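Reading through the structure tokens given below for one structure.
What's counted below: heavy atoms across the whole structure, side chains too, no hydrogens, waters or symmetry copies. Just so it is clear, the structure is predicted and the values come from calculations on it, not from any experiment.
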Amino acid sequence: MRYVLTVLAILGVVLGVAAIAHGEADDSPGLQVLGLALAIGAVVFGIRNLRGGS
């Protein structure tokens, strides 16, 4: 189950980076902020998952 959650965290980072890139192209600061929040949250979740934290 840990690997599934890690893959989901990686997909969250990819989706966040894609949202940032699309927000840049569309000149949408709100989408950029949401993408950044998603990417940072996914990284934090992935690190906590790999370290075994609760």
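- One finds the CG atom of Leu50 at 9.0 Å from the OH atom of Tyr3 (value rounded to the nearest 0.5 Å).
- Residues passing the side-chain contact (heavy atoms from CB on, under 4.5 Å) test with Val17, sequence neighbours excluded: Val13.
- What you find for Ala19 and Gly35 is that their closest heavy atoms are CB-CA, 3.8 Å.
- Residues that satisfy the side-chain contact (heavy atoms from CB on, under 4.5 Å) test with Leu34, not counting sequence neighbours, are absent from this structure.
- Cluster note: Leu38 groups with Leu15 through ILVMFWY side-chain heavy atoms spaced under 4.5 Å, whether in direct contact or through intervening members.
- The side-chain hydrogen bond (donor to acceptor under 3.5 Å, both in side chains) pairs that include a residue from residues 35-47 number zero, where partners must be two or more places apart or lie in different chains.
- Residue pairs meeting the side-chain hydrogen bond (donor to acceptor under 3.5 Å, both in side chains) criterion with at least one partner in residues 18-43, sequence neighbours excluded, are absent.
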Next item on the list: Go through Phe45 and Leu5 one step at a time and tell me if the side-chain contact (heavy atoms from CB on, under 4.5 Å) criterion holds.
Entry: CA-CA 9 Å; Phe45 176 76; Leu5 293 175; 4.2 Å; yes

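- Every residue meeting the side chain to side chain donor-acceptor pair (under 3.5 Å) condition with Thr6, not counting sequence neighbours, appears here in chain and number order: Asn49.
- Scanning both residues, Ala9 and Ala42, for their nearest heavy atoms gives O-CB, 3.4 Å.
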